[in-house]
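Everything below concerns the one structure shown next.
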Amino acid sequence: MPKSTIKTDLTITIAGVEFATPVWTASGTAGVGEEIESWCDPKRLGAMVTKSVSLQPRPGHPYPRTVETTGGMLNAIGLQNKGIEAFITDELPRLRRMPTRVVVNIVGDDQDEYVQLAKRLSDEAGIDLLELNLSCPNVARGIDQGSDPMWVGECTAKVRAATRIPLIVKLTPNTNDIASLARAAADHGADAISAINTLVGMAVNHNTFKPRLANVTGGLSGPAIKPVALAAVYKIARAVKIPVIGIGGIMSGTDAAEFLLVGAQAVQVGTATFRHPDAAIRVAEELRDYMQEHQIARVGDLVGRLTL
Amino acid sequence: MPKSTIKTDLTITIAGVEFATPVWTASGTAGVGEEIESWCDPKRLGAMVTKSVSLQPRPGHPYPRTVETTGGMLNAIGLQNKGIEAFITDELPRLRRMPTRVVVNIVGDDQDEYVQLAKRLSDEAGIDLLELNLSCPNVARGIDQGSDPMWVGECTAKVRAATRIPLIVKLTPNTNDIASLARAAADHGADAISAINTLVGMAVNHNTFKPRLANVTGGLSGPAIKPVALAAVYKIARAVKIPVIGIGGIMSGTDAAEFLLVGAQAVQVGTATFRHPDAAIRVAEELRDYMQEHQIARVGDLVGRLTL
Amino acid sequence: MKQPAPAGKLRARTATLVSTRQVGPNILQQRFAEPVIARRTQAGQFVHLLPGPDLLFRRAFSVYATDPKQGTFDILYQVLGKGTGALARQPAGTAIDALGPLGNRFTPLPADCTPILVAGGLGMAPLRLFAEELLSGTSRRQESPRPIMLLGNRRKSQAVVPFGLSSKTLDVRWATDDGSRGFRGTVVDLLSAMIVAGDVTPGKAHVYGCGPEPMLAALAVLCANQRIPCELSLERSMPCGFGVCMGCVVRGRDTSGYETYHRVCRDGPVFNAASIAF
Amino acid sequence: MKQPAPAGKLRARTATLVSTRQVGPNILQQRFAEPVIARRTQAGQFVHLLPGPDLLFRRAFSVYATDPKQGTFDILYQVLGKGTGALARQPAGTAIDALGPLGNRFTPLPADCTPILVAGGLGMAPLRLFAEELLSGTSRRQESPRPIMLLGNRRKSQAVVPFGLSSKTLDVRWATDDGSRGFRGTVVDLLSAMIVAGDVTPGKAHVYGCGPEPMLAALAVLCANQRIPCELSLERSMPCGFGVCMGCVVRGRDTSGYETYHRVCRDGPVFNAASIAF
Ligand SMILES: Cc1cc2nc3c(=O)[nH]c(=O)nc-3n(C[C@H](O)[C@H](O)[C@H](O)COP(=O)(O)OP(=O)(O)OC[C@H]3O[C@@H](n4cnc5c(N)ncnc54)[C@H](O)[C@@H]3O)c2cc1C
Ligand SMILES: Cc1cc2nc3c(=O)[nH]c(=O)nc-3n(C[C@H](O)[C@H](O)[C@H](O)COP(=O)(O)OP(=O)(O)OC[C@H]3O[C@@H](n4cnc5c(N)ncnc54)[C@H](O)[C@@H]3O)c2cc1C
Ligand SMILES: Cc1cc2nc3c(=O)[nH]c(=O)nc-3n(C[C@H](O)[C@H](O)[C@H](O)COP(=O)(O)O)c2cc1C
Ligand SMILES: Cc1cc2nc3c(=O)[nH]c(=O)nc-3n(C[C@H](O)[C@H](O)[C@H](O)COP(=O)(O)O)c2cc1C
Ligand code: FES
Ligand code: FES
């Protein structure tokens with residue numbers, strides 16, 4: 001491979017916000033910034049996406065909360081978080097000072113909660129984008145709402161009306177038609193779509209006859225789901241005009257490139273961070289190497305380049 | 001492990017039909033009997049499920065049709081088959097002579113085609129069950145129909161009226177609510193449910209910028225999807241009273257046991273057969289060992305034994 | 001008991017496998033060369049190792065011994081599943097990706113207290129390092145009472161002798177379920193018997209425990225009843241090991257007494273027994 | 001060209017790795033002990049090997065050589081990805097799960113015809129075994145014309161000399177894209193030149209080809225134009241290798257001339273060139 005023959009540009013712009021690289025952390029896999037900051041230089045992250053924040057504190061599910069599966073993992077964390085007020089007091093000040101883009105991911109039990117969360121965060125400085133987690137499969141009713149295009153459209157519209165912060169709508173793959181969900185969000189004011197969240201799954205201990213997760217079912221993530229995620233992003237990118245952020249099983253720069261090729265403008269790295277705390281930075285560096293190898297100067301030039 | 005302290009009984013009965021073991025082959029992964037017969041003694045198979053048969057011959061999709069992914073594989077075979085008449089002339093006579101149960105899997109473009117297929121097969125002897133593939137994600141519209149509970153109910157009812165052969169309805173996991181699909185089938189006369197078929201997925205060659213499947217998207221199977229399959233079977237078994245047949249990533253006897261524990265009465269082995277032609281028989285033998293180890297005499301005693 | 005914020009950036013390190021010694025049935029002691037981990041680790045902390053390229057997750061191991069001069073650290077484990085299986089197969093010289101030292105440490109205690117280290121099985125690993133710290137005076141003055149180490153195992157055959165400790169300076173006592181080595185019963189039974197016998201004075205003792213959870217729960221109850229301060233090192237399946245996944249939780253109480261989930265990897269692995277709800 | 005129905009049951013066999021020899025840049029020849037495969041394999045057939053426990057699928061390899069007396073068979077491959085990488089790393093003595101021999105064989109030809117074996121790169125593997133069959137008379141009478149083998153490679157450095165064949169009985173000619181060994185151009189160009197030069201008489205020749213698909217397509221066109229009967233051995237990604245997955249297809253024509261998909265693993269890998277639609 002020839003050494004740096006071209007100058008590569010990894011910056012991208014989504015909803016008018018510029019990002020240093022298209023590689024972000026994924027919600028729930030990099031905490032709220034504190035822990036990850038010791039392991040990777042925030043300047044080299046495209047964005048830091050926080051763990052989902054809810055209106056009220058949530059204790060989360062009992063242990064065990066995770067299982068390693070073939071090529072992936074299940075999690076049933078149960079959206080443990082301290083609630084929006086503690087988030088604003090304890091976490092946001094530090095996040096705001098981090099030299100990277102900050103995406104705050106919010107989750108509610110109903111549309112009204114999303115609206116309240118968005119309103120509350122609108123009063124605060126230093127939030128570059130909001131990401132609406134409409135897709136967490138671990139909480140009762142979460143699935144049904146997030147896989148109904150009508151509900152997704154309504155929720156997006158209401159949140160849109162409540163805040164001026166750009167909105168990403170994060171979609172569930174537990175549906176027969178993710179493109180319709182994306183269209184509903186785009187038609188009601190979303191600035192970008194992110195996909196996918198985890199697939200509903202389950203594991204059983206055949207010796208004890210017990211589920212391996214205290215919550216019985218959980219969300220499947222990691223390399224095992226990359227094919228599902230790629231198909232989802234491919235379909236969404238052909239269904240909407242707003243940017244798509246690809247998520248699911250990204251472990252390397254070439255994985256990220258594949259998401260860009262099928263139409264994503266940016267990607268989020270989740271499970272990989274558990275293996276390597278600086279995974280998102282590694283992925284960005286490998287993406288740069290890949291661009292060098294293929295003599296692609298601007299990362300945007302990869303987007304949607306898939307040849308059928 | 002103590003040697004054969006108890007006598008194990010692997011027979012099960014579904015829709016009045018007795019099966020020597022609860023481990024069957026899965027549609028599309030064991031051909032139409034001929035090839036697999038040289039590699040495994042049919043007497044030791046619970047049942048032989050044929051590749052999907054359609055009314056008209058189907059050429060299938062161009063090559064490449066398969067990709068190995070992390071923990072799994074994608075396929076876009078495109079339901080290649082010679083059509084029902086050639087099936088009846090060329091394949092059925094040999095299938096009929098095989099000393100195992102024969103499940104003929106049928107696929108149609110619309111409800112009427114399923115009805116015609118079922119009628120045509122009703123004239124033939126030697127078919128123990130029909131399996132309705134309502135779920136193949138590779139053919140246009142296949143997904144939408146099979147993930148609509150109303151359509152599934154209607155189709156089941158019409159086929160039910162057209163034949164006396166017991167019916168298995170095979171469901172897609174590309175839905176937000178597989179339990180509703182199962183309920184629709186059960187309420188309209190299905191004798192059993194099988195699940196899951198493959199998840200929609202995609203793979204990209206990041207060097208050539210091309211999809212790795214000629215058909216662009218395909219179906220994900222193998223160990224990677226086992227958690228999704230287990231969750232589906234768990235939900236279905238709690239939603240319906242008819243037997244459930246578990247499918248998805250089963251590679252070993254303990255995998256099979258996990259499906260039985262969450263409520264399946266039988267299982268089908270798919271992708272594993274590509275690795276080991278006699279995988280279904282190995283799985284059955286390992287299941288027997290597992291029953292020995294846990295001192296479980298009748299395989300039916302494992303069904304639904306999950307402790308919450 | 002929060003770990004102090006690390007000075008400077010943390011990063012993954014490359015630990016080179018130096019040697020593998022079998023020290024019990026299916027039990028291995030492995031030594032790795034990695035100067036920073038060797039120098040920085042304090043008793044109770046763990047390393048998070050990537051046992052091979054095909055595994056998704058790392059596996060956590062308590063640091064069992066360190067040699068800051070040679071720049072090596074040791075771990076002690078039983079070959080159980082995929083992770084330990086892969087580690088066990090690596091030849092000397094293999095470079096292993098390691099995070100560490102992670103987590104907090106056992107807290108040094110008042111000088112006039114007798115430290116009682118209560119280990120169940122391989123829970124001995126971090127306590128051995130703590131014993132060494134106590135004896136070398138890092139955590140304790142020379143004139144303090146002699147530390148006691150109670151080692152519990154199912155059977156004598158499973159009992160691993162702590163590596164490189166002198167029983168002159170350390171009072172080591174054994175317990176086995178079947179009485180095949182030392183006291184017949186669990187280590188918690190042994191401690192209880194010692195209290196009854198007056199060998200241990202509750203007001204003048206500090207207990208440190210590590211081992212299977214039922215044993216720790218019993219130890220916590222005993223210490224609470226006897227009002228002996230008690231620190232426990234816990235184990236959880238750990239996808240990340242550095243606090244971001246929220247997978248490794250244990251139910252407990254926060255400082256105001258509210259029920260909450262602690263992260264074992266970052267809020268622990270060492271906890272005040274009173275803050276855990278078993 | 002269907003493989004005759006196997007007498008008796010088929011089953012997976014355990015092939016023991018005997019030796020690994022590097023015979024070119026990243027190119028290995030591996031020998032396995034497995035008497036049944038060694039005895040039964042005919043030129044053109046392949047073995048389907050499970051390179052290691054972590055891979056989902058087997059990998060297919062043409063049988064390159066057999067020694068029925070010693071009970072061994074050889075394969076020849078380039079280390080490319082996961083499967084070949086895993087195989088390459090196995091030490092001698094490793095037991096490899098093998099299916100085989102699978103697929104059909106090159107068809108023995110009329111006695112008065114000159115067999116011309118046209119190999120692109122490692123496509124040489126099955127043709128080497130065929131050459132040996134031809135020379136040993138299994139497929140051909142002693143008085144028949146001397147077989148010709150054309151070996152094409154990019155560069156001289158990549159050219160692997162076929163193992164254990166004598167150039168006395170076999171007319172071996174080389175072609176390289178850059179002319180660094182033998183004819184400058186592809187093997188198909190070489191064959192074309194030989195026809196033009198009158199070295200090959202179309203009516204009295206039979207072509208057997210194996211190599212990259214563009215080369216085979218060119219060979220098929222040349223042979224069709226010259227009316228030389230031609231058999232080609234194809235390669236496909238093969239999930240199963242024994243005909244059940246329908247993954248390994250090639251577009252072609254059935255006996256009535258209808259377009260259809262052949263399965264390379266079971267209807268081939270050797271096909272009459274006329275039955276393939278490149
Ligand atoms: C802070 C911390 C320190 C640790 N220190 C040590 C140590 O010093 N020595 C040591 O041997 N292990 C230690 N462990 C446990 C270790 O990380 C591995 O989980 C354990 O060795 C099994 O790994 P495996 O990959 O071989 O098993 P897996 O393939 O993950 O599982 C194999 C079998 O082991 C069981 N298992 C999984 N995790 C554990 C566990 N934590 N304890 C018991 N059984 C388990 C599984 O249920 C399964 O049946 C520690 C864990 C933590 C969190
Ligand atoms: C009937 C038959 C006979 C064969 N005989 C031989 C043989 O004698 N010697 C030999 O070296 N190989 C042979 N192959 C190919 C072999 O089976 C493997 O596919 C190939 O060696 C790559 O395997 P891998 O696991 O190392 O690569 P993978 O990890 O599967 O892939 C690594 C890279 O190789 C590419 N690749 C995958 N398959 C092939 C292929 N068939 N040809 C070229 N590139 C590929 C992939 O696109 C990828 O870029 C044969 C295949 C068939 C079907
Ligand atoms: C442990 C864990 C916790 C997660 N928590 C959240 C969350 O709080 N909110 C959310 O939107 N997604 C959450 N996710 C989903 C991820 O953000 C991501 O969409 C998914 O894991 C797929 O990406 P991956 O395969 O790279 O992990 C979580 C995932 C994991 C593994
Ligand atoms: C190559 C291939 C072809 C398949 N063809 C069919 C088919 O024709 N009809 C059908 O109902 N299911 C088909 N399936 C789905 C399987 O029967 C099964 O539901 C799925 O693969 C999940 O099981 P597994 O993980 O054990 O493979 C096919 C699967 C594969 C891998
Ligand atoms: S292991 Fe991830 S938070 Fe502790
Ligand atoms: S590889 Fe499966 S049919 Fe040929």
Side-chain angles (χ1 to χ4, degrees), chain A residues 67 69-74 137 143-144 146-148 172-178 199-211 216-218 220 222-235 249 251 253-259 261-262 290 293-294 302 305-308, chain B residues 67 69-74 137 143-144 146-148 172-178 199-211 216-218 220 222-235 249 251 253-259 261-262 290 293-294 302 305-308:
Chain A
V67 195
T69 65
T70 306
M73 69 173 287
L74 286 166
I143 284 180
D144 302 326
S147 59
D148 174 1
T172 175
N174 301 297
T175 165
N176 63 323
D177 190 4
I178 200 162
L199 284 158
V200 179
M202 171 172 186
V204 173
N205 184 329
H206 49 79
N207 286 320
T208 61
F209 294 10
K210 282 190 182 170
V216 185
T217 60
L220 185 65
I225 70 165
K226 193 183 76 167
V228 175
L230 276 170
V233 170
Y234 172 74
K235 288 182 188 169
M251 306 295 282
T254 54
D255 287 342
E258 290 166 18
F259 278 86
L261 290 170
V262 302
Y290 169 86
E293 204 183 324
H294 288 270
L302 278 170
R305 273 279 288 274
L306 189 78
T307 346
L308 290 188
Chain B
V67 196
T69 65
T70 306
M73 70 173 285
L74 286 166
I143 285 181
D144 303 325
S147 58
D148 174 1
T172 175
N174 301 295
T175 166
N176 64 325
D177 189 4
I178 201 163
L199 284 158
V200 179
M202 172 172 185
V204 173
N205 183 328
H206 50 80
N207 286 319
T208 61
F209 294 10
K210 282 191 182 167
V216 186
T217 59
L220 185 65
I225 70 165
K226 194 183 76 167
V228 176
L230 276 170
V233 169
Y234 172 74
K235 287 180 188 172
M251 305 296 281
T254 53
D255 287 343
E258 290 165 20
F259 278 85
L261 290 170
V262 302
Y290 168 88
E293 204 182 323
H294 288 269
L302 278 169
R305 274 278 288 274
L306 189 79
T307 345
L308 291 188

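Letters A, B, ... mirror the listed sequences (proteins, then strands); counts begin at 1.
- A donor-acceptor pair is defined here as one N or O able to donate and one able to accept, closer than 3.5 Å; no such pair exists between the side chain of N176(B) and the backbone of S147(A).
- For chain A, the nearby parts of N207(B) are the backbone and the side chain; heavy atoms of each come within less than 4.5 Å.
- Side chains of V204(A) and Y234(B) form no contact here, defined as non-hydrogen atoms less than 4.5 Å apart.
- Contacts between L302(A) and chain B at a heavy-atom distance below 4.5 Å involve the side chain alone, from C-beta outward.
- Within the model, atoms CG of L74(B) and CG of L199(B) stand 10.0 Å from one another, a figure rounded to the nearest 0.5 Å.
- Most heavy-atom pairs under 4.5 Å with chain B: of the set G71(A), P173(A), P211(A), A229(A), this distinction falls to P211(A).
- Of the listed residues (D255(A), T175(A), V262(A), T70(A)), the greatest number of heavy-atom pairs within a distance under 4.5 Å of chain B belongs to T175(A).
- Both the backbone and the side chain of L306(A) come within less than 4.5 Å of a heavy atom of chain B.
- With respect to chain B, the highest number of heavy-atom pairs below 4.5 Å among L220(A), T208(A), V233(A), N205(A) belongs to L220(A).
- Atom CG in L261(A) sits 8.0 Å away from atom OG1 in T307(A) (nearest 0.5 Å).
- Evaluation of the side chain to side chain donor-acceptor pair (under 3.5 Å) rule for T254(B) yields S252(B) as partners, not counting sequence neighbours.
- Using cut-offs of 30° and 60° on the angle between ring planes, the pair F209(B) and Y290(A) is tilted.
- Interface remark: T69(B) contributes side-chain atoms only to the contact with chain A (heavy atom separation under 4.5 Å).
- If you take OG1 on T172(B) and CD1 on I178(B), they are separated by 6.5 Å, rounding to the nearest 0.5 Å.
- Both the backbone and the side chain of H206(B) come within contact range of chain A, judged by heavy atoms closer than 4.5 Å.
- Both the backbone and the side chain of V228(B) come within contact range of chain A, judged by heavy atoms closer than 4.5 Å.
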